[in-house]
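Presented below is the structure to which this report refers.
This structure is a prediction, so every number in the text was calculated from the model and none was measured. In what follows, every chain begins at residue 1, and chains take the letters A, B, ... in the order their sequences are listed.
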There are 2 protein chains.
Amino acid sequence: MQDSSHHHRPFASAIERLRAAGLRPTRQRLSLCRRLFEGGQVRHVTAETLHSEVLAAGVKVSLATVYNTLHQFTKAGLLREVVVDGAKTYFDTNTSSHHHFYDVEHGDLLDIGGEGIIIEGLPQPPDGATVERVDIVVRVRRPSRD
Amino acid sequence: MQDSSHHHRPFASAIERLRAAGLRPTRQRLSLCRRLFEGGQVRHVTAETLHSEVLAAGVKVSLATVYNTLHQFTKAGLLREVVVDGAKTYFDTNTSSHHHFYDVEHGDLLDIGGEGIIIEGLPQPPDGATVERVDIVVRVRRPSRD
DNA sequence: GTGTTTGCAAAGTGTTTGCAATTTA
DNA sequence: TAAATTGCAAACACTTTGCAAACAC
């Protein structure tokens with residue numbers, strides 16, 4: 001059995017998490033923060049999905065603020081941007097090195113833990129280029145019943 | 001030394017290539033086709049870059065037609081769409097299974113041949129999902145001299 | 001109070017579409 | 001001539017931005 005002591009230290013509250021990120025705990029940021037991190041599970045959201053989620057919960061936040069907040073969270077290291085689709089931007093609450101299944105039909109993302117994955121045969125990056133990150137996207141199609 | 005007899009059979013002409021794809025060889029499609037495939041090298045274009053290229057060469061084509069043509073070529077198997085950036089769509093003349101270096105700074109793409117690459121440890125796709133394609137994107141940063 | 005954050009609406013970017021005019025076979 | 005293709009301009013989806021009002025400390 002593996003220990004999980006390397007998990008991120010759980011924050012006592014969303015306020016604490018925001019403070020640690022150097023962001024004022026405003027009403028809007030608090031509800032977004034709670035929604036993203038307090039379920040305890042990895043989440044994949046777009047600005048739109050997160051926005052309608054908080055709206056449905058009765059919290060008033062503008063879409064522009066959701067966009068801004070997602071980027072602030074990303075810059076602060078709380079989120080990670082995932083590029084799998086030309087149209088929309090996904091944000092992942094899992095910020096550790098890992099990969100993704102992407103359901104091209106429904107637009108669903110599923111994490112693939114980065115631990116067991118080994119890529120063999122990758123050539124050296126060109127010139128003096130430094131590798132920033134290696135992303136694997138497994139594009140899958142789930143048969144839709146029609 | 002490896003033989004290269006598995007390369008795509010070279011087409012006598014752009015006309016022939018279009019016919020084989022079931023597309024009428026119009027003036028616009030012909031110049032786009034020539035530009036894409038007659039250099040003999042792998043190319044990575046966006047609608048914008050290809051459009052300004054043909055314009056610069058004195059050929060009159062509308063941007064809308066470039067978009068439509070790129071998608072027709074893709075559907076016909078002449079091109080492959082590459083998703084590396086949320087903003088723009090790249091098209092690759094290399095349609096075989098392979099991967100990419102992506103210069104996040106300059107937006108440049110570079111192919112990584114698919115032959116030597118082995119990914120170990122990928123879990124089974126969820127449910128009855130079928131894998132459509134596995135993409136590796138190595139995001140690199142080339143230091144810009146300032 | 002002072003600097004930060006918000007919301008709105010407008011602007012921006014890349015892409016798609018409807019349709020009349022043109023071109024191809 | 002009949003069917004396919006083009007170009008334009010308008011529509012589109014998603015995202016960013018400018019700025020006055022609201023808010024946090």
Rounded to the nearest angstrom, tell me the gap between atom [atom1] in [X] and atom [atom2] in [N].
{"X": "Q72(B)", "N": "dT5(D)", "atom1": "CD", "atom2": "C1'", "result": "8 Å"}
{"X": "L23(B)", "N": "dT6(D)", "atom1": "CG", "atom2": "C1'", "result": "14 Å"}
{"X": "F73(B)", "N": "dT5(D)", "atom1": "CZ", "atom2": "C1'", "result": "13 Å"}
{"X": "L30(A)", "N": "dC23(D)", "atom1": "CG", "atom2": "P", "result": "15 Å"}

Practice prompt. Not counting sequence neighbours, which residues clear ring-ring contact (aromatic ring centres under 6.0 Å, His included) with H51(B)? List them please.
Written response: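 Here no residue qualifies.
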Item to complete: Scan nucleotides 8-19 of chain D nucleotide by nucleotide, 5' to 3', and note B when protein non-hydrogen atoms come under 4.0 Å of the base, S if they reach only the sugar-phosphate, - if neither.
Response: B-----SBBB--
Give a yes/no answer on whether the side chain of [X] brings an N or O atom under 4.0 Å of OP1 or OP2 in [N].
{"X": "Q28(B)", "N": "dG7(D)", "answer": "yes"}
{"X": "R24(A)", "N": "dC25(D)", "answer": "no"}
{"X": "T26(A)", "N": "dT6(C)", "answer": "yes"}
{"X": "R19(A)", "N": "dC25(D)", "answer": "yes"}
{"X": "R29(A)", "N": "dT6(C)", "answer": "yes"}

Worksheet item: When the nearest nucleotide of DNA chain D is assigned to P25(A) and to V66(B) on a heavy-atom basis, which residue is associated with the more 5' position?
Response: V66(B)
Fill in: Any donor-acceptor N or O pair under 3.5 Å, side chains H99(A), D135(A)
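No - no donor-acceptor pair under 3.5 Å links their side chains.
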Worksheet entry | Polar side chain donor-acceptor pair, N94(B) to H44(B), under 3.5 angstrom | no
Worksheet item: For the helix from dG1(C)-dC25(D) to dA25(C)-dT1(D), what is the angle between the axes at its two ends, each from 5 pairs, rounded to 10°?
Response: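 The value is 30°.
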Discussion item. Pair F91(A), R80(A) - check side-chain contact (heavy atoms from CB on, under 4.5 Å), show working.
Written reply: CA-CA 6 Å; F91(A) 294 87; R80(A) 192 183 199 273; over 6 Å; no
Discussion item. Does the plane of the ring in F37(A) sit parallel, tilted or perpendicular to the ring in F73(A)? Use 30° and 60° as the thresholds.
Written reply: tilted
Indicate if [X] and [Y] have the same hydrophobic cluster label, given that clusters are the connected sets of ILVMFWY residues with side-chain heavy-atom separations under 4.5 angstrom.
{"X": "L79(B)", "Y": "I15(B)", "result": "yes"}
{"X": "F101(B)", "Y": "V137(B)", "result": "no"}
{"X": "V134(A)", "Y": "L109(B)", "result": "no"}
{"X": "V131(A)", "Y": "I117(A)", "result": "yes"}

Response to the item:
Between R27(B) and G22(A), whichever has its closest DNA chain C nucleotide further toward 5' is G22(A)
